[in-house]
Chemist: 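Please read through the structure below; I'll follow up with questions.
As a basis for the values below, the full set of heavy atoms in this structure was taken, side chains included, without hydrogen atoms, waters or symmetry mates.
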Amino acid sequence: MQVYVKVVDSWISIPCADGRNKVSWLIKEALLRAKELDLQQPEQKLVLTSSTSPLIYSNNDVICDVLSDKQFVETKSLSKLTTDKQINKGFVSNFKNFTINDQPKVSQIIILDGFSLTTEVLWNLSSPNFKIEISSEAERRVRSARKLLDDIVEQNKVVYGVSTGFGKFATVVIPPADLKQLQVNLIESHCAGVGQPLSPERTRMMLALRINVLCKGYSGISPKNLLTMAKAFNESCLPWIPEKGTVGASGDLAPLSHLALGLMGKGKMWSPKSGWAEACHVLEANNITPLKLSSKEGIALINGTQFMSALGSEAVERAKRIALQADVVASMTLEALQGTSKAFDTAIHEARPHKGQQAVAKRIRALLNYGGNQSEITKNHKNCNRVQDAYTLRCCPQVHGISHDTIEFVKGILDVELNSATDNPMVLVDRCETISGGNFHGEYPAKSLDYLAIGVHELASISERRIERMCNPAYNDLPAFLVDNGGLNSGYMIPHCTAAALVSENKVLCHPSSIDSLSTSAGQEDHVSMGGYSARKALTVVENVEHVIAIELLCACQGIDYRRPLKSTDALEAVHKLVRSVVPPYDKDRVHSGDIEAVVKLLQENKVWDSVESFINNPIKSLDDISYSRSPTSSELLRPRQGRNNLMQ
């Protein structure tokens, strides 16, 4: 039995041949070994704690009864436990809940072949419930490329990154005896990232994506090292990768170097089993042998756009979800404000047939039962003298539509990028040569992710104006700020301010980072993409949009509450019931932040869309088959009721 014990800032591996010893013996043994290693001695009154939870072991516990083989524990002073938790809370917050999307408990296997990865699949791979395998054809390509490289080295040919230095040192030829050390030096010298570490989900995405690119067979990685990387992924052995420090020139050099460093058994690494510890111990505990790099394998691990593309894939998938649900929430607001649905007539949108615009209009028509049995709320104001609504209601298809089209465009760029060889030099097996090129340059994902931020931001921009229309009594017949006894109660006054603040923040974040370039590597890398920041800020924009749409949804549900006893359509009532299952009506002032986060969670889990999808996919007959220039017939007013009971339960 072997246990890893943290003393001060170092991990010590302690064999426990006699597992019947007590925990107090383990602490004393750890302190003795720390003294032998000249480590600064901690306070002597110590307890043993788990490295992954706040669990404390009694000094009288028997080791084999409470600890398992290769478990990670720490020695701590009781007086410092509370302080340490406060200090580390923000630092490790991303690693507390390692789950995503309510994926199934049984692991699913994704085959990586270098050609078929998509943003959807990559986002799924962020979850520990998914594991990977390398296709047999990919293994064949990797073996062939490695053999060609070994032949080149044996023939003492001068090849960039194989037998030369890097960047400005490309003309410096390295002696054969130093080629392996060259690769190690490359990784260590390029580990210059700063900032907080990526979350485990994002680290898994980045690792999976790098493996997929290596599967193409242009890199020269050895089959053994590729399979080791796959095993590390499947065990969620995730290196420390600071989120800042890439200019996206020769790819994401710093983040990918930190990724490689951990897989080499150096630096910090996290796993569900160990928490943060030295990478060598984490790999050993998971029966993984650290990578040993041969010629070119260092540069094969770090040339590429996998940092920006992995984060960009999450951004585009979350953007897809919030964009669809923004259409639903806009329909809720239209009902709350007793707007007219005539602006969504098929004829209008066929006259300007943008794909996204037509899709949004069709969804809103389905949600509002346009041309069918419209809601009690709609019927109640059928004879009002309002001719048209404000742009934020009337122009939803035009504004939301381009956001949908933007997301689809960016996804297309990223799907290509996820399956692209981004190495330098490229190992061309069919031609028996290597060629230096520029596939590592991040301009494609950088530009597209700047575009994504701009496109998705508009969903929040128009949403904030709809929130204003619901909160401001000058624009509607609802109570000011959607609350009774105004003055004593402030209602949704400040949530609207929050939405305004997030929209304003997004305006700054939408300034493109990819229009900037600073020359690096002594002028050798004289044009860079800044794609790393494009990806990070795109994710922030999407997160801000999720919060603004959540605030609009809360306001819309509150507005519909004020329309009672009148009901909306079955679809929108399903959304209202979903929201009210996590947030009660706002009858008097209370803390808003919990309500907002509860609804954000619904949106992030796609539950708002799930609650209406069957209504949209199964509208009356076919809404687009009905001519709205005449009154619908009785047969056209019939609508299927399938799925309603399930949705309303």
Side-chain angles (χ1 to χ4, degrees), residues 111-117 132-167 169-187 190 207-231 250-251 253 256-257 259-260 263-264 289-306 417-441:
I111 306 296
L112 295 184
D113 60 7
F115 292 91
S116 53
L117 194 60
I132 62 171
E133 291 181 1
I134 309 299
S135 74
S136 57
E137 180 60 23
E139 286 192 54
R140 184 197 65 77
R141 290 193 298 269
V142 169
R143 281 195 299 271
S144 298
R146 186 63 227 176
K147 184 179 184 306
L148 175 60
L149 264 183
D150 289 339
D151 291 343
I152 288 173
V153 172
E154 189 174 335
Q155 296 166 19
N156 292 323
K157 293 182 178 179
V158 177
V159 177
Y160 171 72
V162 178
S163 54
T164 73
F166 308 95
F169 296 124
T171 58
V172 179
V173 178
I174 308 300
D178 293 333
L179 292 185
K180 290 185 178 180
Q181 186 61 44
L182 172 68
Q183 304 304 310
V184 174
N185 289 352
L186 171 71
I187 299 299
H190 284 50
L207 175 54
L209 181 52
R210 189 62 211 173
I211 292 170
N212 187 65
V213 169
L214 294 173
C215 283
K216 294 188 72 68
Y218 290 96
S219 305
I221 194 77
S222 69
K224 180 180 178 181
N225 279 341
L226 181 62
L227 293 174
T228 297
M229 293 172 71
K231 186 175 181 181
S250 287
L253 291 174
L256 285 167
S257 295
L259 178 70
L263 296 172
M264 292 162 60
T289 303
L291 300 183
K292 295 187 183 307
L293 305 182
S294 297
S295 55
K296 195 191 179 294
E297 288 195 282
I299 198 170
L301 292 172
I302 68 173
N303 262 168
T305 61
Q306 285 69 57
E417 190 71 14
L418 301 186
N419 299 287
S420 297
T422 53
D423 299 277
N424 187 52
M426 301 277 283
V427 181
L428 306 178
V429 175
D430 293 342
R431 293 165 55 173
C432 295
E433 64 177 322
T434 63
I435 297 181
S436 288
N439 278 4
F440 47 68
H441 200 290

Chemist: Who pairs with K147 by salt bridge (charged side-chain N to carboxylate O under 4.0 Å, His left out), at least two apart in sequence or on another chain?
Modeler: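 Only D151 meet the salt bridge (charged side-chain N to carboxylate O under 4.0 Å, His left out) criterion with K147.
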Chemist: Of all the heavy-atom pairs spanning T164 and I174, show the shortest one and how long it is.
Modeler: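 That would be C-CG1, 3.8 Å.
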Chemist: Taking salt bridge (Lys or Arg N to Asp or Glu O under 4.0 Å) as the cut-off, I'd like each qualifying pair that reaches into residues 155-167, sequence neighbours left out, listed once.
Modeler: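 Counting only pairs at least two positions apart or across chains, no salt bridge (Lys or Arg N to Asp or Glu O under 4.0 Å) contact touches residues 155-167.
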Chemist: Kindly write out the residues that satisfy side-chain contact (heavy atoms from CB on, under 4.5 Å) with N419, not counting sequence neighbours, or none if the list is empty.
Modeler: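 Here the qualifying residues are L117, N212.
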Chemist: Closest heavy-atom contact between V213 and A421?
Modeler: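 Between these two residues, the closest heavy atoms are CG1-CA, 4.2 Å.
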Chemist: Using 0.5 Å steps for rounding, measure from the CG atom of L227 to the OG1 atom of T289.
Modeler: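 These two atoms lie 12.0 Å from each other.
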Chemist: List in chain and number order the residues that pass side-chain contact (heavy atoms from CB on, under 4.5 Å) with S257, two or more places apart in sequence or in another chain; answer none if no residue qualifies.
Modeler: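 Result, side-chain contact (heavy atoms from CB on, under 4.5 Å) vs S257: H190, C191, I302.
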Chemist: Mind running side-chain contact (heavy atoms from CB on, under 4.5 Å) on V184 and M264 for me, showing each step along the way?
Modeler: CA-CA 9 Å; V184 174; M264 292 162 60; 4.2 Å; yes
Chemist: Kindly indicate whether the side chain of Y218, heavy atoms from C-beta on, has any atom under 4.5 Å from the side chain of L428.
Modeler: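 Side-chain contact under 4.5 Å: yes.
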Chemist: Would you name the heavy atoms of S436 and P425 that are closest together and state the gap between them?
Modeler: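 Distance-wise, the nearest heavy atoms are OG-CB, 3.9 Å.
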Chemist: Donor-acceptor check, side chain of E297 to backbone of S294, threshold 3.5 angstrom: yes or no?
Modeler: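 Yes, because the side chain of E297 sits within donor-acceptor range (under 3.5 Å) of the backbone of S294.
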Chemist: How close do S295 and L149 get, counting heavy atoms only, and between which atoms?
Modeler: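 Smallest interatomic distance, heavy atoms only, reads O-CD1, 4.4 Å.
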Chemist: Would you please name every residue forming a side-chain contact (heavy atoms from CB on, under 4.5 Å) with P223, sequence neighbours left out?
Modeler: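 Per chain and number, P223 pairs via side-chain contact (heavy atoms from CB on, under 4.5 Å) with V142, R143, R146.
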Chemist: Any non-hydrogen side-chain atom of L301 less than 4.5 Å from a side-chain atom of I221?
Modeler: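 They are in side-chain contact.
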Chemist: Show the nearest heavy-atom pair for residues I187 and A260, with the distance to one decimal.
Modeler: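 Between these two residues, the closest heavy atoms are CD1-CB, 3.8 Å.
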Chemist: So do the side chains of R141 and V429 get within less than 4.5 Å of each other, counting heavy atoms only?
Modeler: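 No; the side chains remain at least 4.5 Å from each other.
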Chemist: Can you tell me how far the SG atom of C215 sits from the CD1 atom of I134, to the nearest 0.5 Å?
Modeler: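 One finds 4.0 Å between SG of C215 and CD1 of I134.
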Chemist: Just verifying a value: how many Å separate D423 CG and S420 OG, rounded to the nearest 0.5 Å?
Modeler: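 Between D423 CG and S420 OG, I get 11.0 Å after rounding to 0.5 Å.
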Chemist: Would you say N303's side chain and S250's backbone share a donor-acceptor pair under 3.5 angstrom?
Modeler: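 Flag set: sc N303 to bb S250 pair under 3.5 Å.
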Chemist: I'd like to know if the side chain of K296 reaches the main chain of S219, judged simply by a donor and an acceptor atom lying under 3.5 Å from each other, with no hydrogens or angles considered.
Modeler: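 Answer holds: yes.
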Chemist: Tell me every residue that passes side-chain contact (heavy atoms from CB on, under 4.5 Å) with S135, counting only those two or more places apart in sequence or in another chain.
Modeler: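 In terms of side-chain contact (heavy atoms from CB on, under 4.5 Å), with neighbours along the sequence ignored, S135 is linked to I111, D113, E137, A138.
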Chemist: Indicate yes or no for a side-chain donor-acceptor contact from N424 to the backbone of G438 under 3.5 Å, with no hydrogens or angles considered.
Modeler: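 Absent.
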Chemist: Using modelled atom types only, decide if a donor and an acceptor are shared between the side chain of N225 and the backbone of K292 within a distance under 3.5 Å.
Modeler: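 At least one qualifying donor-acceptor pair exists.
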Chemist: Return the CG to CG distance between L293 and L179, rounded to the nearest 0.5 Å.
Modeler: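 Separation between the atoms: 12.5 Å.
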Chemist: Report the distance from atom CZ of R210 to atom CG of L226, rounding to the nearest 0.5 Å.
Modeler: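 Spacing of CZ (R210) from CG (L226) equals 10.5 Å.
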Chemist: Which value, rounded to the nearest 0.5 Å, describes the distance between T305 atom OG1 and H441 atom NE2?
Modeler: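 Going from OG1 on T305 over to NE2 on H441, the span is 11.5 Å.
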Chemist: If you draw a 6.0 Å radius around CD in E154, do more than 12 non-hydrogen atoms from other residues or ligands fall strictly inside?
Modeler: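 Counting other residues, nucleotides and ligands, CD of E154 stays at 12 neighbours or fewer.
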Chemist: Flag the pair L186 / I299 as yes when at least one side-chain heavy-atom distance between them is below 4.5 Å, and no otherwise.
Modeler: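 They are in side-chain contact.
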